Amino acid sequence: MRSGLSCRCSPFSSNARLSLRRSSTAPHHPILSLVPTSPSFPQLLQAHAQLVVRGLTASRAAMAHLLAHCALCTSAPPHYFHAIYARIDRPNVFAANNLLRCLARSAAPSDSLLFYSRSRRAGVLTNNYTFPFLLQACSRTPVVAEGAQVHAHVVKLGFDGDLYVRNALIHFYSSCCEMDESERVFNEFPERRDVVSWNAMLAGYARTGRIDVAEELFEGMPERDAISWSTMIMGYVQGGILEKGLKLFREMVDKGEMVNEAALVTVLSASAQLGLLENGQFIHSNIKARNFPITLAVGTALVDMYAKCGSIKLSKQVFDGMPQRDVFAWNAMVCGLATHGMGKEALELFQRFLNEGLRPTSVTFVGVLNACSRAGLVAEGRQYFKSMIEDYGIEPEMEHYGCIVDLLGRAGLVSEALELIEGMSVSPDPVLWGTLLGACKIHGLLDLGITIGNKLVELDPSHDGHYVLLAGIYAKARKWEDVIRVRRLMSNRGTNKVAGWSLIEAHGSVHKFVAGDREHKDSSEVYMTLEMIGRRLGEAGYMPDVSSVLHDIGDEEKVHAITEHSERLAIAFGMMVVDADLPIRIVKNLRVCGDCHEFSKMVTKVFGREIVMRDGSRFHHFKEGNCSCLDYW
DNA sequence: GTAGGGTTAG
C-alpha cells in the first residue's frame, strides 16, 4: 500500500453543467396534456377525474393515454392500472403495451409475462413496442429461461431488426450476467446499434466484475454520453476501485459532460466508503451551486455520506431538509445515528418513521437493533427483535443476529447470546462468533472465549484476523506458549493478511498511512511529532499496553511496533496539519486496537483535541479523554 | 408510447 496517496479533491473544476435526466416522453392526449411527466398518484387521480367529468371514460384513446401516464408514475398501485385497463373497450395494442409497461415497472414484473401470454391468446396484436417493455420485465426478475423465450418470439415475429428491441435484449442478457448472449446480439448486426447498445454491454461487464473489459470498451466506444460515463464510474465503485471512480468523475466534469444523478449518487457513495468528508462536501456544494434537485437518491446518498464521514450533524441537516423521504432515506439516517452511538436519537427517529405510517424493512431493523445495542437497551432490543419477526414478518438475517449478540454480549449475557446462536435456523457466520468472542474477552470468560477462538480458526483457516483474536484471548489468559503456537500456526498456514491502513484528509488531499510507514513526504516530521506526543503522554502517566502485539520479539521492539500503528501516524499528521479547533478525522479499515484506543483518548485529554475515528464497524468520538463507544467495541 | 446507469446493512 502506498502512503501519501495524493488525490486532488475538486470534482467540479470546470464549468460543467449538471442535469437531471428527463423521464420518458409523456404520452400526448389533449385532455391529459397538463399531467406532469412523472406524475404522483394523486395527480393521476386528478387527471382521471377530469376524464370522468368530461365523459371521456368510454374513449379508448383517452383511457389508454391515462394508462400511459400510469407507467410513468412510481406510486400507482397495480390494482389501479388493472382497473383502468379493464374499463377499456376492445383494448388495442397501444393500450395493451401500456399495461405491459406499467406491470414491468411494478413490484411484480413477472405479471407482465402472464398478461402478455393472456392477451396473445385473446388476439391482441403485438408490435415493435411490445418487446422492450416485456424484456424490461424479464430484466427485473432475471430468469434467463423466460427472457430467452421472449427472444424466440421476437425472432419468430420478425422484430429482431428493431434497434429498441435489440437493445432491450442486450440489456436483458447483461442483467442475467449472460455476457456471451449479450455479445451475440450485440455483434449480430454491427450496423444496428447505437450508444445505448454500447452502454448496455458496458453495464454487463461492470456487473460481472470484468472491469478491464469494461475499461477497454469504454475507451473504444464510438460515442459516449452521460450514461456511459456514469456506468463506468459505477463499475469502478461497485468493483471496489473507489479512487478510480472518483478520478473518472472528475474527468467527466472536466470534459464538460452533463453530470447525471447516477454519477452523483455513485461518487457520494464512494466518498462515504472512503470517508472522504472534504470530497463529499465539495460534491454537495456543487449540487447546491448548480441547483441540482435533492432527489430521493441524492438526498439519501448525502445523508449516508455525511454519517459515514463522521459528520452526523450535517447528515441530520440534509435529512431534515429533504423535500420528500422514502424508506431508504429513513434507513440511512437511523443506521447513521446508530453507528455514531446515538442509540436514543436513532430510536426516536424510528418512532417518527412509524408515526408517518411507513413500513420498516429488514435494513431498518439493522439500524434499530444496532441502536439498542449501542445504548445498552437490552429489553427494548429484545422487544424490537420479536416485533420485527411477529409484527412485520421479517425473517432475521445474520446482521440482525449480529446486533442481538452484540447487545446481549455487551450486557454480559453471554450464555443467552450463545443459546441464541445455537438455536439459529441458518448457520452462524464467523463474524457472529467474533462478536461473541469479543464479549467473552471483555467479561473475562476466557475458557469460552478460547473455545470460540479455536472454532473460528477452524471455520476459516485462511483469515488472519481469527488467529489474532484467538492469540489475543490466550494473551489475556496469560497462556504465552499458546500465543506463540497460534502465531506460528498463522504464519505456517500463510494466511491472507489484510494490510491495515488509516486515512486522513487535509486541505483537499488524501493521506494514507500503513504501520511503520516511511513513504509519506512529511515522514520525518510525522515521527518527530509522534515522539513528542509520546513524551507528553508519558509525562501524563500513559503506559503502552503491549499485550495486543503478537510478534515474537523483545519488549522494546513490541513497544516500537505498537507506537507505529497506522492510526498513530495519522493522528500525528493530523496534529501537524488540522486546525486546532477542528476535530482530527481518521478512517481505518480494521478495528482499532486496545492500546491505540487508549492512546487516542489520552491525546484528546493532554492536547485538548478532538478525534473522530471510523474503524471497521463504528465511530469513536474521542473528547476530553473519553470515547463515545464507552470502551466497548 | 419504446431501450441503457444509481441510494440504505454488524
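Since we're looking at a predicted model, the values are computed, not measured.
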When you measure from the side chain of [X], which nucleotide among [options] comes out closest?
X	options	answer
A:T231	B:dG10, B:dG1, B:dG5	B:dG5
A:E399	B:dG10, B:dT7, B:dA3	B:dG10
A:N97	B:dG5, B:dA9, B:dG1	B:dG1
A:M234	B:dG10, B:dT8, B:dG6	B:dG6
A:V431	B:dG6, B:dG10, B:dG1	B:dG10
A:A297	B:dT8, B:dG1, B:dG6	B:dG6
A:P132	B:dG10, B:dT8, B:dA3	B:dA3

Compare all side-chain heavy atoms of A:K255 with those of A:W229 and state whether any distance is below 4.5 angstrom.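 Yes, close enough: below the 4.5 Å cut-off.
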Heavy atoms under 4.0 Å, any strand shown: does [X] hit a base, just sugar-phosphate, or nothing?
X	value
A:D406	nothing
A:V366	sugar-phosphate
A:R207	sugar-phosphate
A:D225	base
A:D194	base
A:N92	nothing
A:A203	sugar-phosphate
A:L432	base
A:F133	sugar-phosphate
A:M398	base

Separation of [N] [atom2] from [X] [atom1] (nearest whole Å):
X	N	atom1	atom2	value
A:W229	B:dG6	CH2	P	18 Å
A:N260	B:dT7	CG	P	13 Å
A:L268	B:dG6	CG	P	15 Å
A:Y164	B:dA3	OH	P	8 Å
A:F249	B:dG6	CZ	C1'	13 Å
A:F189	B:dA3	CZ	P	22 Å
A:D160	B:dA3	CG	P	19 Å
A:I283	B:dT7	CD1	P	14 Å

Just by distance, with hydrogens left out, do [X] and [Y] show a side-chain donor and acceptor under 3.5 Å apart?
X	Y	answer
A:N127	A:T130	yes
A:Q273	A:S269	yes
A:N97	A:R101	no

I'd like to check the side chain to side chain donor-acceptor pair (under 3.5 Å) partners of A:S315; sequence neighbours left out, ordered by chain and number.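 Scan of A:S315 (side chain to side chain donor-acceptor pair (under 3.5 Å), adjacent residues dropped) gives none.
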Taking side chain to side chain donor-acceptor pair (under 3.5 Å) as the definition, give me every residue that meets it alongside A:T208, ordered by chain and number, with sequence neighbours left out. none
Ignoring hydrogens and geometry beyond distance, is the side chain of A:N370 in donor-acceptor contact with the base of B:dG10 at under 3.5 Å?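 Between B:dG10 and A:N370, which were checked side chain against base, a qualifying N/O pair under 3.5 Å is absent.
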Base of B:dG1 and ring of A:Y129 stacked, centres under 5.5 Å, planes under 30°: yes
Is there a side-chain contact between [X] and the phosphate of [N], meaning an N or O under 4.0 Å from OP1 or OP2?
X	N	answer
A:R105	B:dA3	yes
A:H400	B:dA9	no
A:Q136	B:dT2	no
A:R374	B:dG10	no

Between A:F133 and A:Y164 (judged by ring centroids, cut-off 6.0 Å), do the two rings come close enough to count as a pair?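 Here the rings of A:Y164 and A:F133 have centres that are no less than 6.0 Å from each other.
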